[in-house]
Asker: 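Encoded as structure tokens, here's the structure I'll be asking about.
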4 protein chains.
Amino acid sequence: MIRFGLIGAGRIGKVHALAVQAVPNALITAVADVVPAAAEALAQQLGAQVVSIEEMFNSSHVDAYIIASSTDTHADYLMRCAEVGKPVFCEKPLDLSYERAQRCSEAVQKAGVPCMLGFNRRFDPQFSTLKQHLQAGTIGKLETLIITSRDPAPPPVTYIKVSGGIFRDMMIHDFDMARWLLDEEPTRVYAVGSALVDPAIGAAGDVDTASVTLSTASGKIAVITNSRRATYGYDQRIEAFGEKGMLQANNQLENTLLFAGTEGVMTAKPQHFFLERYADAYRIELTQFVQALQQDTQMPTTEQDGLQALRLADAAYESWKSGQPVDLT
Amino acid sequence: MIRFGLIGAGRIGKVHALAVQAVPNALITAVADVVPAAAEALAQQLGAQVVSIEEMFNSSHVDAYIIASSTDTHADYLMRCAEVGKPVFCEKPLDLSYERAQRCSEAVQKAGVPCMLGFNRRFDPQFSTLKQHLQAGTIGKLETLIITSRDPAPPPVTYIKVSGGIFRDMMIHDFDMARWLLDEEPTRVYAVGSALVDPAIGAAGDVDTASVTLSTASGKIAVITNSRRATYGYDQRIEAFGEKGMLQANNQLENTLLFAGTEGVMTAKPQHFFLERYADAYRIELTQFVQALQQDTQMPTTEQDGLQALRLADAAYESWKSGQPVDLT
Amino acid sequence: MIRFGLIGAGRIGKVHALAVQAVPNALITAVADVVPAAAEALAQQLGAQVVSIEEMFNSSHVDAYIIASSTDTHADYLMRCAEVGKPVFCEKPLDLSYERAQRCSEAVQKAGVPCMLGFNRRFDPQFSTLKQHLQAGTIGKLETLIITSRDPAPPPVTYIKVSGGIFRDMMIHDFDMARWLLDEEPTRVYAVGSALVDPAIGAAGDVDTASVTLSTASGKIAVITNSRRATYGYDQRIEAFGEKGMLQANNQLENTLLFAGTEGVMTAKPQHFFLERYADAYRIELTQFVQALQQDTQMPTTEQDGLQALRLADAAYESWKSGQPVDLT
Amino acid sequence: MIRFGLIGAGRIGKVHALAVQAVPNALITAVADVVPAAAEALAQQLGAQVVSIEEMFNSSHVDAYIIASSTDTHADYLMRCAEVGKPVFCEKPLDLSYERAQRCSEAVQKAGVPCMLGFNRRFDPQFSTLKQHLQAGTIGKLETLIITSRDPAPPPVTYIKVSGGIFRDMMIHDFDMARWLLDEEPTRVYAVGSALVDPAIGAAGDVDTASVTLSTASGKIAVITNSRRATYGYDQRIEAFGEKGMLQANNQLENTLLFAGTEGVMTAKPQHFFLERYADAYRIELTQFVQALQQDTQMPTTEQDGLQALRLADAAYESWKSGQPVDLT
């Protein structure tokens with residue numbers, strides 16, 4: 001039996017907790033949150049104890065941690081995990097500062113604690129099947145990758161201001177996906193971006209519409225496009241093109257109904273947002289984390305992946321600001 | 001050079017005429033129609049002569065005939081073709097009376113004139129490709145056939161009254177398609193029908209919604225469903241199911257555009273009606289007729305096909321009237 | 001807290017048990033099975049007690065029953081539930097004999113115990129959304145219903161022999177679906193069937209390929225086609241056609257990937273079989289059963305639905321045997 | 001009656017000639033080609049005269065010209081048309097040299113002769129319907145445009161060497177499409193490219209895999225990706241994303257058949273190459289050219305469009321060479 005301490009009892013913390021509870025020989029035994037009522041409510045549902053953050057890291061009743069608190073606390077808590085030498089699953093991102101993320105990664109590496117970073121999309125059955133096809137050679141050598149990622153609606157501008165910007169906050173997922181699928185580190189990054197959805201986002205120094213081109217040493221090209229708003233829901237598609245053909249992972253629609261009427265032929269919209277679209281991915285992600293601990297195998301993603309994705313995000317930001325491509329070495 | 005005489009200068013006569021003109025070494029040289037102005041207009045466009053029906057059959061300048069006049073004249077004109085011993089393409093149906101159609105077929109057979117009946121759908125590239133797949137064994141042994149055929153809107157009740165009824169007027173195409181794809185004559189016919197679209201159709205002694213089940217000696221099953229009205233356009237689909245899988249020939253949409261918006265994901269409607277949906281089929285049909293004449297090969301469809309389809313239509317009518325299945329021997 | 005006694009610890013019993021455990025204030029507390037080891041294994045997983053059938057019905061610690069045992073035991077156990085006056089969820093079918101099912105239904109009615117019959121497909125999100133559209137008038141008045149239902153592979157002939165035949169064993173689901181969607185009882189049934197998949201099925205007096213046409217008093221037409229084998233997986237589709245258009249509930253594919261290569265454009269197969277295709281439906285079904293008990297509301301399906309579906313199956317069987325349509329009054 | 005002189009009797013010249021012949025009151029009366037046999041064959045089919053280039057431009061029997069000769073002759077012949085003051089349809093591109101194309105454009109402008117440039121894709125019914133939707137506001141303000149364009153197989157390297165490179169030879173169509181749909185001139189161009197399909201293309205100083213990002217003053221983003229080889233045929237898609245939703249113009253498949261078998265669900269490949277995919281577009285293009293002459297209205301595309309597309313191609317080439325974005329003012 002592995003006993004987990006959950007830090008952060010909000011929406012995503014709850015998702016992770018329920019995923020853990022469904023794995024045999026795994027239990028959430030302690031919950032901490034800066035909002036005590038949130039911790040209380042979730043702890044009760046899970047049959048777990050409410051503890052303070054301090055108690056959490058000092059407890060001998062906790063074998064591993066799940067960090068689902070706000071972004072600015074991730075690095076601190078990860079370092080605490082490293083200090084106490086216990087395994088940790090941490091929501092992405094590591095941190096908004098590359099330097100801080102790097103220090104944190106070094107601490108984790110030095111302590112040798114297993115650390116998994118929550119790049120949930122890698123565990124989406126559509127995308128992981130696509131990855132398997134790439135590995136199996138279905139399209140032969142990959143040449144071009146086109147990732148489309150659009151949110152249904154922009155977050156409040158108050159969030160935008162502390163988010164780190166579209167490249168670090170939203171496109172970070174796509175950078176990780178690109179790295180994973182390209183199976184090669186990008187060496188050049190070129191970004192364009194505009195505030196077309198909401199001028200207030202532009203006024204906050206950010207953009208809501210962006211496209212990034214990544215090139216690799218072997219000549220592969222990846223193009224990512226993002227928008228903070230899509231009237232038709234959460235648009236999450238990947239197209240991989242190569243010497244033997246093309247693979248597309250298309251949107252999952254809310255249902256398979258089709259209506260043919262006077263206006264045309266209508267089908268459902270894509271599933272609304274990440275909690276619906278990636279419900280399976282969140283479940284699989286935590287299951288794999290627990291299994292990796294139980295079987296003492298390698299973590300499927302690590303804090304290194306977080307660091308590399310952040311590096312691409314920083315380069316994209318710099319490219320957008322300067323109007324010039326940025327070389328990574 | 002083969003010189004064709006066209007009888008009937010209406011909508012479908014024009015379609016056939018233009019198809020003939022596009023074939024090398026084939027020309028429409030004479031046009032006849034009960035409405036002289038119609039004959040005039042088309043003849044001028046084609047550079048052909050206007051002639052009377054009598055002149056048409058007596059002319060030494062006409063090598064073959066195309067009958068595109070009203071249904072009630074088909075049998076007479078076919079027999080005239082048989083008398084003068086010249087090849088003929090005739091629009092479906094042969095006639096609404098099986099006995100008359102049979103006499104007509106006997107005359108044609110006796111005279112030995114090449115005769116092609118206009119079951120245009122066999123020449124539709126979708127359906128002929130499906131037929132090729134069946135012949136090539138793509139789905140192995142055919143077991144079940146599902147034919148869906150819906151018109152965008154019912155014809156006027158005045159037409160319904162002289163049409164011979166839905167089974168002889170509309171489903172006749174599907175009976176031919178079923179015979180062709182089953183590659184075996186149905187031995188039992190069961191029909192149900194209702195006047196759900198327009199009570200006036202019911203009052204005229206006909207139905208507008210019908211389904212027919214055909215069974216063959218080897219156990220194959222074909223189900224045909226018809227409606228005289230579909231708000232989304234002309235619905236023409238075939239599903240063939242067999243031991244190795246399923247083939248579907250789906251509707252051709254007006255365009256390939258897709259619009260994703262707040263209401264869902266919308267694509268275009270099926271092409272509106274037979275002139276659009278079967279434009280290629282009409283062209284290919286006449287081209288094959290002319291080529292069969294030029295190369296002296298077998299006609300791809302004959303008046304026998306018309307006769308057999310009519311036999312199924314009559315059986316369906318009888319089944320609908322009696323509520324009992326009708327056996328064919 | 002409602003305490004459930006589960007009778008039958010096989011594959012489907014397990015599915016139902018896990019669904020119950022996920023509902024708040026509901027627990028499986030007792031498990032019985034003719035195979036003690038099966039009861040043991042599941043009881044342990046659920047934290048429940050193993051009991052005998054007798055103990056099950058005499059227990060004061062059980063508030064309601066779930067019958068997931070073999071078909072031939074359903075009627076007996078339902079009557080025991082009626083005797084002890086406790087609510088029951090019963091897997092379909094009620095029984096293979098209409099008379100016995102009727103006696104059973106009368107007992108349940110007389111006792112006034114809430115009884116839900118497991119027509120799982122009504123709870124499939126695709127089909128229940130389609131039903132909602134019909135109720136909301138999306139296609140106006142329903143005119144034609146086309147239900148396609150094909151299993152990936154036939155069961156062993158030993159099963160076929162005790163199954164009651166394709167109409168009672170397999171098409172029973174489609175009869176229920178037709179009744180539910182037509183919202184009107186069929187008055188005439190015509191069936192055709194052939195043993196095309198496996199001659200041994202024919203030798204056992206059954207068919208593996210069948211089509212049934214149902215007509216209603218108001219003139220609606222429903223066509224059901226079944227096959228015991230589809231190379232491409234579990235084919236479960238419904239098409240509803242009416243005055244304002246057409247609704248289709250299409251297959252759910254194993255994934256949304258598309259591969260374009262030299263052979264064409266390939267997508268995944270439909271989900272393999274009922275446990276995959278109807279996983280959500282099974283969960284929702286039991287959740288609604290428990291909720292109806294907790295809130296003392298009407299059962300979404302009852303043993304009456306089982307009785308009526310069986311009546312259609314019997315009529316279809318008789319029609320297939322006689323070659324004549326069967327009228328229901 | 002407008003009498004056309006056709007210069008170039010090759011594959012595309014023939015396509016244009018047949019399109020003209022189908023328009024009422026329009027005839028190809030003269031044909032010239034550097035290969036006399038080609039001119040002979042086509043002239044005979046059209047009932048036209050074979051003439052020399054000199055005779056062509058001196059003839060008083062020719063009212064307008066169609067230039068379908070090799071790329072390097074376009075500019076010269078256009079200038080001859082300008083000299084003799086007669087309207088001209090010219091295949092794209094104007095020329096591979098921007099300076100020469102510009103001189104040519106100035107000559108045409110000065111002479112005031114109607115000049116249409118053959119950007120055939122604008123006349124594709126899919127893409128022109130998409131354009132109409134953009135103009136009608138279906139997706140509101142356009143924000144992102146994604147154009148995918150892949151050829152089935154690369155041309156011979158001997159052709160690559162004189163083609164002007166992928167940006168001027170292949171992506172030129174996409175630059176025109178982007179300008180047309182964006183309805184705003186791009187102000188910045190960034191290109192990446194690799195020789196991944198065939199190293200010989202790289203050795204010839206060109207690439208076969210490329211992506212270009214265009215930005216406009218108002219902040220719109222267009223991304224074009226090209227490949228010289230797609231195993232599944234000619235891939236021609238456009239996605240337009242905006243404030244009210246997304247429009248996609250997808251590939252037209254060779255047929256609408258679907259096959260479901262043990263491997264999955266298979267549909268046809270996209271139509272093989274430009275002659276198939278754009279057959280309608282070629283026909284509509286010439287029809288509109290002739291109609292614009294007959295009705296004395298504005299040409300739907302002009303040599304100015306050719307000039308602007310070439311400017312973008314040159315900028316893309318420069319960007320690819322330098323690795324830096326290129327600003328256009």
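Letters go in sequence order (proteins before strands), and every chain restarts at 1. Heavy-atom basis, side chains included; hydrogens, waters and symmetry copies ignored.
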Asker: Sub-3.5 Å donor-acceptor pair from the side chain of D/Thr256 to the main-chain atoms of B/Asn251, do we have one?
Answerer: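 Checked: no pair found.
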
Asker: Which one wins on heavy-atom pair count under 4.5 Å against chain D: B/Val265, B/Thr267, B/Leu247?
Answerer: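 Looking at each of B/Val265, B/Thr267, B/Leu247 in turn, B/Leu247 comes out on top.
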
Asker: Working to the nearest 0.5 Å, report the span between OG1 of B/Thr138 and CE of D/Met266.
Answerer: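 Between B/Thr138 OG1 and D/Met266 CE, I get 10.5 Å after rounding to 0.5 Å.
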
Asker: Heavy-atom count check: over 12 atoms from other residues, nucleotides or ligands less than 6.0 Å from B/Gln291 CD?
Answerer: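 Yes.
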
Asker: Which value, rounded to the nearest 0.5 Å, describes the distance between B/Asn250 atom CG and D/Leu253 atom CG?
Answerer: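 The distance works out to 11.0 Å.
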
Asker: Does atom NZ of D/Lys14 have more than 12 heavy-atom neighbours, drawn from other residues, nucleotides or ligands, at distances under 6.0 Å?
Answerer: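 No, because the 6.0 Å sphere around NZ of D/Lys14 holds 12 heavy atoms or fewer from other groups.
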
Asker: Just wondering, more than 12 heavy atoms not from D/Gln49 lying within 6.0 Å of its CD?
Answerer: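 For D/Gln49, atom CD is not crowded (no more than 12 foreign heavy atoms under 6.0 Å).
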
Asker: Do other residues, nucleotides or ligands put more than 12 heavy atoms under 6.0 Å from D/Glu263 CD?
Answerer: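 No.
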
Asker: Quick check on the interface: out of B/Pro24, B/Ala249, B/Ala260, B/Gly245, who has the most heavy-atom pairs with chain D under 4.5 Å?
Answerer: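 The answer is B/Ala260.
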
Asker: Is a donor on one side and an acceptor on the other found under 3.5 Å between the side chain of D/Gln248 and the backbone of B/Leu258?
Answerer: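 No; judged by distance alone, with no hydrogens or angles, the pair does not exist.
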
Asker: Tell me if the CD atom of D/Glu276 is crowded by more than 12 foreign heavy atoms within 6.0 Å.
Answerer: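 Atom CD in D/Glu276 is packed in, count exceeds 12.
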
Asker: For B/Asn255, which of D/Thr129, D/Asp124, D/Leu130 qualifies under side-chain contact (heavy atoms from CB on, under 4.5 Å)?
Answerer: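 Per the side-chain contact (heavy atoms from CB on, under 4.5 Å) rule, the option paired with B/Asn255 is D/Thr129, out of D/Thr129, D/Asp124, D/Leu130.
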
Asker: Just wondering, more than 12 heavy atoms not from D/Gln294 lying within 6.0 Å of its CD?
Answerer: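 Atom CD in D/Gln294 is crowded, with more than 12 foreign heavy atoms closer than 6.0 Å.
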
Asker: Looking at every heavy atom in both D/Ile139 and B/Phe259, which two are closest together, and how far apart are they?
Answerer: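 Looks like CG2-CE1, 3.6 Å.
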
